[in-house]
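Accompanying notes for the structure given below.
All figures in this text were calculated on a predicted structure; none of them were measured in a lab. Naming: A, B, ... by sequence-line order, numbering from 1 per chain.
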Protein chains: 2
Amino acid sequence: MTLDQRQTDVLFTIVRCYIQSGLPVGSRTVARKSSLNLSPASIRNIMADLAEENFIEQPHTSAGRIPSTNGFRFYLDSKLDMEILPAEVEEKIKSALVRTGPDLSQTLSQASKLLSSISNQISLVITPSQQNIRWKHIDFIQLRAGLVMSILVMEGGMVQNKIITVDSDITADDLIKFSNYLNEHYKGKTLLQVRANIFSQIKRARKRFNNLYQEALRLARESFEPDNNRQVYVDGTHYLFQDSEFTDLPKMREVFRLLEERSKLLKILDQTLESEGLSILLGQEQDWQELSDYTVISSPYSLKGDNIGLVSIIGPTRMNYSRVIPAVDLTARILSQLFNEIFEHNTIKNMPKT
Amino acid sequence: MTLDQRQTDVLFTIVRCYIQSGLPVGSRTVARKSSLNLSPASIRNIMADLAEENFIEQPHTSAGRIPSTNGFRFYLDSKLDMEILPAEVEEKIKSALVRTGPDLSQTLSQASKLLSSISNQISLVITPSQQNIRWKHIDFIQLRAGLVMSILVMEGGMVQNKIITVDSDITADDLIKFSNYLNEHYKGKTLLQVRANIFSQIKRARKRFNNLYQEALRLARESFEPDNNRQVYVDGTHYLFQDSEFTDLPKMREVFRLLEERSKLLKILDQTLESEGLSILLGQEQDWQELSDYTVISSPYSLKGDNIGLVSIIGPTRMNYSRVIPAVDLTARILSQLFNEIFEHNTIKNMPKT
DNA sequence: TGTTAGCACTCTAAGGTAAAGAGTGCTAAT
DNA sequence: ATTAGCACTCTTTACCTTAGAGTGCTAACA
């Protein structure tokens, strides 16, 4: 369904007014606010067409119109009128992120805080899924007999550690041997590849080798296991209460419930991980009852061209897209940039002493 | 101010009814619900006394009464009618926590989830402040030139790691020497003691020794630095929406804002860390605007008799204390028990292979 | 003397009605 | 093709009334 210039103009005006006020928009208002110089009556004709084609709807006979899901989608797909964030904002974010130092989790947590404060919405930052990242180094540390901590260092400066129980016969010397072996044979492969290889070895090794070897393989397997507790940094939840006059509480509650149910949340967000650049999910378009009336905007950040994590915001469908979209986009870009710089130089310059 | 038997009885009936309904309680209702066999008129006389002494108040002339902050305090200080949690609940919590394995952060996160689901309120679990815990072992791992990860293993199975930038001249061998030295000289001291000692050494070392030694000291100092990002696990935020008919949104919003402002949150909660056993803070008694109409119930968990962390819930002042208080208490006790068992045996038995 | 029935009084919550206002859709004039 | 005019619809607001809940006081009672 295509719209001509005037229809588009009217629709956009309705969307903008509705976003601003949260109230149905009447023909008078559109006539005044749009660049078209038409009388309310003419606007009404156009609006009748738009309603026919399902771009706007009417709460009741004598009310103005509000954009339908369709209408929002059309508006968003032709992302016009995006604000341009001032260069200071970019500088501010960048320097704040650099200042967090080399600790990835702090950088991402800080990114989330910044995003929520500049977008005035709930922000989400998802830690990298480390599946497709090459790893550089592994170490085992014996916490006590039978308990080992594994430390995996990845490209891009990421570190993942895990506590693993092992056979209590295993000594510190054994651990060093294990790690040397792994470092030698698997360096430079992705976690996914390493895991596949170890699995095949485990199959072969069954019954052919001694206990120690089998235990070593198990230790390796667990170390390289996908990180099932991928973190999500959430900030700015209180922004959901802005304009709460227009929101109903049960729906808000569902959002909070969703934010705590990390697995469901990740399932929703992971949809957008593969996509090129920014994506916008309207709750009503998907079949998540949790997010009807809410919209998720996400943009992936990448390392060496591969998307590894996600920056998102969740806000009411009638949020201020012109401000929020550039903010999400910018945050994701800066994170990518930061990652790749760290990776490029493989050393961190001018890092302030914490 | 002391109350006689009958006044107490009436007050408690009012508190209970108010908690249940959220509505002002009239003399008729009290007459029916209390064990006293008195007519509404007599109850009214008693209520007049209670109002006089500031235990209850009246929203307006022709309404029933609601407990004042004072009234709640009196009710809470004589914790009667606490529910007894069935033994299954205790078993369920314990086994769920043991099942999380040796990773402290997972145990605490799980504890928070369990607490919120059995109390139907927002739960908070604060990770141990590791100031007063003895440490057992330190390791340094070179992530790359100039970047080191320090791993501190504490009594009770806690692990703390930190990424630290160092002089890029420092080699892996140097790091091993450093850690050997530290392990030898400081083992068994608390973090606080180690830090004090290192500071005094740094003073003495200034200008007397070479760069390497100074850098080693700095590395040590940063490793033992107090963990400024003590975590708080928060769950069940959506429970704040129960009975939201009776709540006003700006106040709810303040709660969410507070939950994200970790430093302020910790300041509030730390008040209760030193106290023996469970403590109840009524928002209106303190001067936190953020929590008027809300109450914080906390109970510390301990290792070897020292309180190291906190289990709390935040809920509306009119929440169901008889159910919530035992839940907080139980969760804290189980955590303490778990910690001390781990510490006692210094090994984990029957740990299922994850 | 403590308890209770009775009663006048107050205040809120709920329902009903009317007027105001916003916005529409249609028709006819431009 | 555009617009002024107008009748119509529906919501919002205000105002009024009534019903009901609860109180406080007084006087009677055990």
Check your understanding: With respect to the phosphate group of D/dG24, does any side-chain polar atom (N or O) of B/Thr61 fall under 4.0 Å of OP1 or OP2?
Key -> no
Point to revise | Residue met sooner reading DNA chain C from 5', once A/Ala63 and A/Ala41 are mapped to nucleotides | key: A/Ala63
Point to revise | Within 6.0 Å of CD in A/Gln271, more than 12 heavy atoms from elsewhere | key: yes
Exercise for review: Evaluate the criterion side-chain hydrogen bond (donor to acceptor under 3.5 Å, both in side chains) for residue pair B/Ser34 and B/Asp9; output intermediate values, then yes/no.
Suggested key: CA-CA 7 Å; B/Ser34 85; B/Asp9 211 330; 5.1 Å; no
Practice item. Send over the distance from A/Asn45 CG to C/dT27 C1', rounded to a whole Å. Key: 12 Å
**Study point:** More than 12 heavy atoms of other groups within 6.0 Å of A/Arg28 CZ
**Key:** no
Check your understanding: Within this structure, what is the CD1-to-P distance between B/Ile43 and D/dG24, rounded to whole angstrom?
Key -> 13 Å
Review point. Looking only at side-chain N and O atoms, does A/Ser42 come under 4.0 Å of OP1 or OP2 in D/dT2?
Key: no
Review point. Take atom CG in B/Asp4; do more than 12 heavy atoms of anything else shown fall under 6.0 Å from it?
Key: yes
**Study point:** Any B/Arg6 side-chain nitrogen or oxygen under 4.0 Å from OP1 or OP2 of C/dT3
**Key:** yes
Practice item. Respond yes when some side-chain nitrogen or oxygen of A/Ser62 is under 4.0 Å from OP1 or OP2 of D/dC10, and no when none is. Key: no
**Study point:** Nearest-angstrom distance from the residue atom CG of A/Asp49 to P of D/dT2
**Key:** 12 Å
Check your understanding: Choosing from D/dG24, C/dT24, C/dT4, which nucleotide comes nearest the side chain of B/Gln58?
Key -> D/dG24
Review point. Given atom CD of B/Gln5 and atom P of C/dG2, what is their separation to the nearest angstrom?
Key: 17 Å
Review point. Which pairs count as ring pair (Phe, Tyr, Trp, His ring centres under 6.0 Å) when at least one residue sits in residues 4-25 of chain B, sequence neighbours excluded?
Key: B/Phe12-B/Tyr75
Practice item. Kindly calculate the angle separating the two end axes of the helix from C/dT1-D/dA30 to C/dT30-D/dA1, each obtained from five base pairs, and round it to 10 degrees. Key: 20°
**Study point:** Integer-rounded Å distance: C/dG2 C1' and B/Asn37 CG
**Key:** 15 Å
Check your understanding: Expressed in angstrom and rounded to an integer, what is the separation of A/Arg28 atom CZ from D/dG5 atom P?
Key -> 13 Å
Check your understanding: Do A/Thr247 and A/Ser244 have side-chain N/O donor and acceptor atoms under 3.5 Å apart?
Key -> no
Practice item. Would you mind telling me which residue lines up with the more 5' stretch of DNA chain D, B/Arg65 or A/Leu38, judged by nearest nucleotide? Key: A/Leu38
Check your understanding: Would the number of heavy atoms belonging to other residues, nucleotides or ligands and lying under 6.0 Å from CG of A/Asp77 be above 12?
Key -> yes
